[in-house]
Amino acid sequence: MKHFTGKAALLAFTLLPLAAFASHWSYDGSESPEHWSQLSDEYKTCQQGMNQSPINIDATLNAHLHPLDFHYGKGPDVVLNNGHTIQATVDPKTADSITLDGQNFVLQQFHFHAPSENTIHGKHAAMEMHLVHKNAAGEIAVVAVMFDVGAASPELDKLWSVMPSKAENEAKLKSSLDINKLIPEDRTYWRFSGSLTTPPCSEGVTWLVMKHPLTLSASQLEKFTHTMHHDNNRPVQPTHGRVVVE
Ligand SMILES: [Zn+2]
């Protein structure tokens, strides 16, 4: 009897901490994007939301937006393989930021999806980078940069050369990375309202998709997809009448 109680106590001990963590999700099998909303009550927005990302950028409205205003300096120190993507983490104290609607949005991290998540006139780019920013109120603005296959990116190599091959591993960069070189020189962009493209798919995210792509080499793309083991893009979501401005 005592043995039985001990076992039950052990079971309770091992199950309880698990409940405190976010539910597992992925890009394939029973935890793939079409199942995200069923994996946790906290992921319901993935199914019920009306402003979900990514989207196909097609018809746009010309609002004469000024080119985006970047203030990037210090850059990241660390690159993380979190099992869903490769992420470069930026110390928010360094205040790499963008100015949007007169407000400062500070860069938190940037990461990659292959193929691209947003599509342009129905076409995927080979890869898409997401630079995730937050303002003082905690609102999120994501700058997206598309990459086509072409010339190798020396700046990406600073991340790729230390990219951890195993999930939940991180590594320090060996040479400093200039984030400005990961932004196209032409800073015109499309803007729309959307969501996080991963669970919990929270809405109210301002999306700023740079119109001009950069390039990476076929072997750089191969290294990323090999490390991720599979595509890591969420399929495009219905726009429900949302307008893309430029
Ligand atoms: Zn992303």
Side-chain angles (χ1 to χ4, degrees), residues 22 24-28 31-34 36-37 39 42-43 45-46 49 51-57 68 72 76 78-90 92 96 98 100 105-120 124-134 138-148 153 155-156 159-160 163-164 167-168 170 177 179 182-184 189-211 213-214 216 220-221 224-225 227-237 244:
H24 196 266
W25 57 270
S26 81
Y27 290 99
D28 58 3
E31 296 169 338
S32 64
E34 62 268 37
W36 286 350
S37 65
L39 299 176
E42 281 157 32
Y43 299 170
T45 308
C46 300
N51 295 292
Q52 288 289 291
S53 287
I55 61 165
N56 176 38
I57 298 167
L68 206 51
Y72 286 169
V78 171
V79 59
L80 165 75
N81 179 342
N82 67 13
H84 302 301
T85 188
I86 297 298
Q87 178 176 307
T89 307
V90 181
D96 286 334
I98 56 169
L100 189 68
F105 283 77
V106 178
L107 181 63
Q108 314 287 311
Q109 47 98 343
F110 58 96
H111 62 265
F112 302 86
H113 301 268
S116 70
E117 297 208 294
N118 292 294
T119 58
I120 297 161
H124 287 275
M127 188 173 79
E128 181 173 344
M129 175 175 67
H130 290 159
L131 299 129
V132 180
H133 306 75
K134 257 188 202 168
E139 294 166 325
I140 295 174
V142 181
V143 173
V145 179
M146 300 295 180
F147 286 78
D148 293 333
S153 164
E155 230 50 39
L156 271 190
L159 296 174
W160 264 221
M163 177 195 290
E168 307 304 337
E170 63 175 32
L177 182 153
I179 317 178
L182 290 175
I183 306 295
Y189 63 100
W190 293 290
R191 175 178 179 160
F192 53 90
S193 181
S195 72
L196 301 179
T197 66
T198 57
C201 308
S202 316
E203 297 189 334
V205 175
T206 300
W207 279 87
L208 310 155
V209 177
M210 305 307 291
K211 288 186 185 177
L214 297 178
L216 85 172
Q220 284 180 319
L221 180 62
F224 179 79
T225 52
T227 302
M228 292 288 100
H229 305 297
H230 47 69
D231 293 352
N232 69 336
N233 67 307
R234 185 190 194 194
V236 294
Q237 304 295 307
V244 177

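Read the numbers this way: they start at 1 and go in the same order the structure lists the ligands and their atoms. This one's a predicted model, so the numbers in the text were calculated from it and none came from an experiment.
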Next on the checklist: side chain to side chain contact (heavy atoms under 4.5 Å, CB included) for Ile179 and Leu131? Distances and angles first, verdict last.
Outcome noted: CA-CA 10 Å; Ile179 317 178; Leu131 299 129; 3.9 Å; yes

Next on the checklist: Checking Glu34 against Ser32: is there a side-chain donor and acceptor pair closer than 3.5 Å?
Outcome noted: yes

Next on the checklist: I need the Leu156 CG to Ile86 CD1 distance, nearest 0.5 Å.
Outcome noted: 11.5 Å

Next on the checklist: Parallel, tilted or perpendicular, judged at 30° and 60°: which one describes the rings of His24 and His84?
Outcome noted: tilted

Item to check | Polar protein atoms near the Zn ion (ligand 1) [N, O or S; cut-off under 2.8 Å] | outcome: His111 NE2, His113 NE2, His130 ND1

Next on the checklist: Test of understanding: with ring pair (Phe, Tyr, Trp, His ring centres under 6.0 Å), list the residues that count as partners of His111, not counting sequence neighbours.
Outcome noted: His113, His130

Next on the checklist: Which heavy atom of Met127 sits nearest to which heavy atom of Leu221, and what is that distance?
Outcome noted: CB-CD1, 4.4 Å

